[in-house]
Every structure is written in C-alpha cells, then in structure tokens.
Colleague: 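Pasting in a structure now, in structure tokens, and then I'll have a few things to ask.
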Amino acid sequence: MTEADFIVVGAGSAGSAVAYRLAEAGHSVLVVEAGGSDAGPFIQMPGALSYPMNMRRYDWGFQTEPEPHLGGRVLACPRGRVIGGSSSINGMVYVRGHARDYDHWADQGADGWRYADVLPYFRRMENWHGAAPSDWRGTDGPLHVSRGAQENPLFRAFVAAGRQAGYPVTDDYNGAAQEGFGVMEATIWQGQRWSAARAYLRPAMATGRVKLVRGEVAHVLFDGDQRARGVRLLDGRDLQARAEVVLAASSINTPKLLMLSGIGPAAHLAEHGLEIRADRAGVGQNLQDHLELYLQYAASQPVTLYKYWNLFGKAWVGAQWLFARCGPGASNQFEACAFIRSRAGIDYPDIQYHFLPIAVRYDGKAVAEGHGFQTHVGPMRSKSRGWVRLNSNRAQDAPRICFNYMSHPDDWDEFRTCIRLTREIMGQAAFAPYLSHEIQPGASAQSDADLDAFIRAHVESAYHPCGTARMGRADDPLAVVDPFGRVIGVSGLRVADSSIFPRITNGNLNAPSIMAGEKIADHILDRQLPAANLEPVLHPAWVSEQR
C-alpha cells in the first residue's frame with residue numbers, strides 16, 4: 001500500500017490522534033514512523049520512565065548547540081523515535097494548560113483556538129478516572145487519565161505545605177481551576193503507560209483503514225501547482241496522498257521537513273542549495289521550552305523511594321509490576337503538583353511544581369545523599385526564544401537546535417523567585433516531620449549571585465519544545481500555518497503537532513499536543529465541536545492579597 005487518502009508523518013501524540021479521527025470518518029491513512037516498536041517494560045512500566053528517553057532505540061538523540069547563557073552547556077532534547085512518539089518516552093504527566101493560554105493564542109491570530117473552542121476537544125479525547133463526575137472532563141474518550149493513590153505521606157505533606165503557605169488547593173487543575181496545590185494526573189491506566197499508540201494508533205489500525213509505514217521521510221513531494229501530493233522516504237520509496245499530507249513529526253523534525261521541502265526562510269534555504277517553494281520566515285523560529293530546577297531536600301525519615309534504590313529493591317519493584325501491574329512501578333511517582341503565581345498582579349499562574357519522593361536526576365543516573373525528595377520548579381512563560389535550522393540539505397543529518405535559554409533578563413528574576421518561594425513552602429509545618437536539610441542549592445546559597453550560579457549550572461529542560469511552525473493569520477509574515485493547520489504558501493499540506501503553538505502553555509505539553517491533533521483532524525474533515533460555555537475559575541481576590 002503506497003497510496004491513501006491521507007499521509008500522516010509521525011506516529012506520535014498528535015499524529016496518532018489525526019489518523020484515528022480520519023479513519024473514524026472512513027478515510028484511508030498511511031502513518032509514516034521512523035522508529036520501532038513500543039513493546040517492552042522500559043516503555044510500558046510507568047516507574048521506568050527515565051530509561052526510554054535515554055535510549056537511542058527510542059529517542060532521536062537531539063542535542064542543543066552550546067547554550068550561550070548557560071556557560072556553553074549542551075542540553076539534551078529528547079523526542080520519541082518510536083511508535084507513540086514522545087508519548088511513549090515522556091513522564092506521562094497530564095496537563096491541559098490554563099484557559100488564558102488559549103485565549104492568548106487567539107489574540108495572536110489563532111482564530112478559533114480560544115479555551116471555549118479547545119475545551120470540547122480535551123473532553124472528547126479523555127477517559128477521565130476522577131473522584132466525581134465533572135462537566136469539565138470527558139469520560140468516554142480513547143485516552144485514559146488517572147490519578148495516583150498518594151500513598152506516600154510526602155505527597156500529602158506537599159499539598160498541606162502549600163495550603164499553610166497561603167496558596168489555594170485545587171481539586172482538579174485540569175478542570176475549573178488550574179491554580180493551586182493538588183493531585184497530579186497521568187496518562188496511566190491499570191498500572192501501564194497509556195500512550196497515543198495505545199489510545200489512538202492501534203485502534204485506528206484495527207479498522208483496516210490505517211497502515212503503519214516504517215521509514216524516515218526525506219521531504220514532501222509537490223506537483224506543479226504547489227500542491228503536496230505525497231512524501232519521499234530516505235530509502236527512495238514514494239507514498240502518494242490523494243487528499244493531503246499532515247506533518248506531525250515534532251517541533252524539531254516538522255520544521256526540518258518543511259525546510260527540506262522548500263518551505264522556510266529563503267536565505268537559509270538558499271544557503272543549503274534548496275529550491276524555495278514558499279518563503280516563510282517563521283519556519284524554525286519561535287522555539288520555546290520550559291526549564292526547571294530540581295530543588296532537593298534530605299529526609300529525616302526513611303519514607304522515600306530511596307529504599308528501592310538498590311539491586312534487590314529494583315528487582316522487587318519490577319517483579320510486582322511484571323506479575324500484578326502494581327507497586328511503585330505502576331506510578332510515574334509524580335503524584336502531587338502545584339501551579340502558583342510568582343507575585344501579585346500576575347494574570348494567572350506562572351510557576352509549576354512537580355513533587356517527587358526521591359532526590360534523583362531525571363535520567364536516574366545519580367541519587368543524592370540517601371533518603372531525600374525534590375521539587376521540580378520552573379517559570380511557565382519565558383520570553384526567551386530559540387530556533388531550529390538545517391545542518392545541511394541531507395535529510396539524514398540532525399538539525400541544529402538552539403533554545404537561547406535564559407537569554408531574557410526576566411528569566412533570571414523568575415528563577416530566583418522560584419527558589420525563594422520553594423524554600424518558604426518547604427519550611428512549613430507540614431514538612432517538619434520529614435525534612436532534615438536542603439541538599440541543593442544548599443543553605444549557603446542566598447544572594448542573587450549565588451542563585452544565578454546555581455541556575456546556570458543546574459537548570460534543565462523539562463522537554464517541552466514547541467512553537468517552530470506557529471499558527472497565525474495568513475497576512476502575518478512570521479506565521480507558518482493558518483488556524484486550520486494549513487501551511488501558508490502551498491496547498492494540500494498541514495501541520496498538526498506542538499510546532500503550531502503560538503506560545504507555550506502552562507505545564508506539560510502532551511495533552512495540548514493530542515488536543516491539537518484532534519482539532520486539526522476536525523478542520524481537515526470540515527467540522528468542529530460546539531464551543532463550551534463553562535467559565536474557568538480565577539482567584540483575583542487572592543492574588544491581590546498575595547505578598
């Protein structure tokens with residue numbers, strides 16, 4: 001099968017959702033994926049999440065250029081090269097984003113993407129296993145969303161400490177009110193990762209209308225009228241699309257494919273000897289991400305996951321999961337979180353917390369001082385912007401990536417605030433029975449200079465790249481796609497992944513990426529869900545009183 005109604009490039013979060021909805025409507029779809037199978041415990045066991053994103057078998061292995069504002073550090077930029085894409089290697093955290101994020105998108109030219117417009121798509125995609133029915137949540141969609149049991153007392157201590165520090169508590173940060181401390185949600189069901197492959201791709205393939213094609217795309221094929229008619233793979237195969245080609249290859253590979261297909265900044269394309277099909281200056285620009293710090297604390301009681309941090313403990317966790325899908329391995333261990341405002345006058349939360357009951361690096365390669373725990377904290381709306389550029393005109397060459405992390409002076413102020421607010425939260429009575437001392441940055445790091453040095457050396461990506469083919473109106477010179485996902489300047493070609501985000505949303509990006517796939521699929525099918533009439537809850541009185 002080398003021809004279908006639609007070709008979807010990328011079997012990840014958004015691409016799988018697009019294929020599912022197109023097949024549901026009766027269309028034939030070829031889904032092209034460079035990676036292999038997602039079978040095996042490293043992907044399917046939630047507690048093993050640090051493994052797949054550090055394995056070249058499952059990851060593209062992208063790295064940034066030396067980041068000029070981080071002392072030349074080179075940071076990893078993991079993207080899934082596997083069935084399910086990044087939803088098969090991520091931390092499984094489920095965050096929709098804040099309502100104001102999407103209203104901002106619409107204000108910037110993404111007409112039809114206000115929160116009232118996207119909320120129905122979040123509801124359609126969800127099979128939510130919450131405590132009580134909610135008009136804000138969906139319960140019959142393909143994507144299982146669950147909550148951790150919070151059996152470890154440290155999770156409850158974190159939420160209690162937030163309340164004691166004067167912050168609100170939210171029953172559902174994906175519902176009426178994101179703001180506050182509460183229970184974190186995850187794409188986990190019955191002790192297993194519930195990726196886009198499980199939720200969308202495999203059910204779509206079961207219809208017989210979706211075929212998975214293994215291979216890496218070299219570029220998009222066009223006819224003489226500038227209409228996309230298919231794709232060419234690196235091995236020379238051509239796949240034909242009777243209707244449209246949809247790029248959902250990630251915010252790194254999608255702009256690369258656009259540029260290799262002659263769509264991008266004209267001067268950059270000419271530099272690499274590429275034919276210029278559409279001069280779109282915004283391709284590869286507007287790259288954004290969330291950065292975070294791991295603030296670590298030594299525990300005064302042996303209540304953390306460190307007790308499993310040995311050969312016998314890991315074997316016991318693995319056995320519990322393998323035979324019964326239970327135990328610590330059945331959770332991603334991110335079971336408490338918070339969204340707060342850094343100061344009075346901020347329109348809506350601009351800081352996110354993940355709480356983890358062990359003090360460890362995200363890649364799992366180093367644990368600190370025995371029993372400990374940590375918060376992952378970072379600002380949500382950095383003003384820094386980076387880029388993705390071609391290394392060459394060869395599709396097999398990785399692109400160049402530079403986020404320009406911490407290039408805006410406000411970033412430094414915001415991260416210092418994150419550290420100081422975290423210290424205040426962790427100093428509340430709720431943590432008195434559990435906290436011994438601060439491991440990092442350490443009590444001696446108090447001045448702005450001390451904190452800046454720590455930030456520069458230790459800040460890490462939260463792995464949320466987006467924005468490199470952003471939506472906007474057709475007359476916007478930096479827009480790459482219109483609000484229907486159509487690439488401006490050609491026809492028959494759309495983008496449906498986190499590339500199209502005008503600005504990064506509050507929190508982790510897997511849920512917004514899947515939502516984008518759901519909504520772009522409806523645009524392809526010339527339909528849309530009715531707008532929601534629910535009004536999200538804000539806390540103007542509380543924020544005006546906040547110190």
Side-chain angles (χ1 to χ4, degrees), residues 46 91-102 115-164 166-195 198-199 325-326 330-340 348-349 352-355 357 430 505-508 510-512 514-515 518 529-542:
M92 292 154 283
V93 170
Y94 185 83
V95 182
R96 286 175 169 181
H98 195 279
R100 294 286 178 90
D101 292 327
Y102 301 101
Y115 187 63
D117 302 313
V118 303
L119 176 57
Y121 289 95
F122 281 118
R123 291 190 301 205
R124 184 174 78 176
M125 72 196 218
E126 289 178 350
N127 191 337
W128 182 61
H129 303 278
S134 168
D135 291 340
W136 294 87
R137 308 306 298 267
T139 56
D140 57 1
L143 187 72
H144 286 287
V145 179
S146 64
R147 295 182 167 192
Q150 290 204 315
E151 293 175 353
N152 192 304
L154 292 171
F155 293 126
R156 296 188 293 276
F158 182 70
V159 175
R163 182 190 292 111
Q164 291 168 357
Y167 298 99
V169 172
T170 177
D171 292 331
D172 181 7
Y173 65 86
N174 283 315
Q178 185 191 65
E179 189 164 7
F181 283 66
V183 181
M184 183 160 262
E185 297 187 336
T187 49
I188 297 172
W189 178 236
Q190 295 180 337
Q192 299 181 80
R193 177 190 293 269
W194 202 260
S195 67
R198 281 180 175 269
R325 297 296 190 265
C326 68
S331 169
N332 61 357
Q333 298 303 327
F334 291 115
E335 296 186 12
C337 67
F339 292 90
I340 67 171
Y348 63 99
Q352 181 187 19
Y353 285 96
H354 302 66
F355 182 83
T505 55
N506 263 21
N508 310 63
N510 189 236
I514 295 173
M515 179 277 294
E518 287 266 11
L529 295 176
N533 59 1
L534 298 172
E535 190 65 29
V537 175
L538 298 174
H539 295 278
W542 173 79

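Sequence positions, counted from 1, serve as the residue numbers for this chain.
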Colleague: Side-chain contact, heavy-atom cut-off 4.5 Å: V183 with E335?
Modeller: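 Not touching, per the 4.5 Å side-chain cut-off.
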Colleague: For A531 and D117, which heavy atoms make the closest approach, and how far apart are they?
Modeller: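 The pair with the smallest heavy-atom distance is CB-OD1, 3.9 Å.
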Colleague: Is there a side-chain contact between N127 and V145, using heavy atoms and a 4.5 Å cut-off?
Modeller: no
Colleague: To the closest 0.5 Å, what do you measure between CG (L143) and CZ (F122)?
Modeller: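 It comes to 11.0 Å.
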Colleague: Only one of H98, Q352, E179, M184 clears side-chain contact (heavy atoms from CB on, under 4.5 Å) with Y173; which?
Modeller: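 Of the listed options, the one satisfying the test is M184.
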Colleague: Do the rings of Y167 and F181 sit parallel, tilted or perpendicular, given the 30° and 60° boundaries?
Modeller: tilted
Colleague: Just wondering, do W194 and I188 contact through their side chains at under 4.5 Å, heavy atoms?
Modeller: no
Colleague: Which atom pair, heavy atoms only, marks the closest approach of P120 to P530?
Modeller: CG-O, 3.1 Å
Colleague: Please examine the side chains of V159 and F355, heavy atoms only from C-beta on, and report whether any two atoms are closer than 4.5 Å.
Modeller: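 Contact flag for F355/V159 side chains = no.
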Colleague: According to the salt bridge (Lys or Arg N to Asp or Glu O under 4.0 Å) rule, which pairs have a member within residues 183-192, sequence neighbours left out?
Modeller: R137-E185, R147-E185
Colleague: Could you check whether W128 and H144 have their ring centres less than 6.0 Å apart?
Modeller: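 Ring centroids of H144 and W128 are no less than 6.0 Å from each other.
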Colleague: Could you please spell out the steps behind the side-chain hydrogen bond (donor to acceptor under 3.5 Å, both in side chains) verdict for Q178 and R96?
Modeller: CA-CA 9 Å; Q178 185 191 65; R96 286 175 169 181; over 6 Å; no
Colleague: In Å and rounded to the nearest 0.5 Å, what is the CZ to SG distance from F155 to C337?
Modeller: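 With rounding to 0.5 Å, CZ (F155) is 11.0 Å from SG (C337).
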Colleague: Do E126 and W136 come within less than 4.5 Å of each other through their side chains, counting heavy atoms only?
Modeller: no
Colleague: For the CG atom of N174 and the CG atom of L119, what is their distance to the nearest 0.5 Å?
Modeller: 10.5 Å
Colleague: Return the minimal non-hydrogen interatomic distance between G91 and F334, and the atom names on each side.
Modeller: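 Residues G91 and F334, closest heavy atoms: O-CD1, 4.5 Å.
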Colleague: Give me the atom names and distance for the closest heavy-atom approach of P357 to L154.
Modeller: CB-CD1, 4.1 Å
Colleague: What pair of heavy atoms forms the shortest contact from A430 to A161, and how long is it?
Modeller: CB-N, 3.7 Å
Colleague: Measure the shortest side-chain to side-chain distance between I340 and P349 over non-hydrogen atoms and say whether it is less than 4.5 angstrom.
Modeller: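 No - every pair of side-chain heavy atoms lies 4.5 Å or more apart.
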Colleague: Answer yes or no: is there an ion pair linking R123 with E518, defined by an N-O contact shorter than 4.0 Å?
Modeller: no
Colleague: Of the non-hydrogen atoms in P512 and V95, which two are nearest, and what is the gap between them?
Modeller: CD-O, 3.3 Å
Colleague: Does a side chain donor of either D101 or Y348 reach within less than 3.5 Å of an acceptor in the other side chain?
Modeller: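 Yes, Y348 and D101 have a side-chain donor paired with an acceptor closer than 3.5 Å.
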Colleague: So, taking the atom named CG in N332 and the one named NE2 in H354, what distance separates them when rounded to the nearest 0.5 Å?
Modeller: 9.0 Å
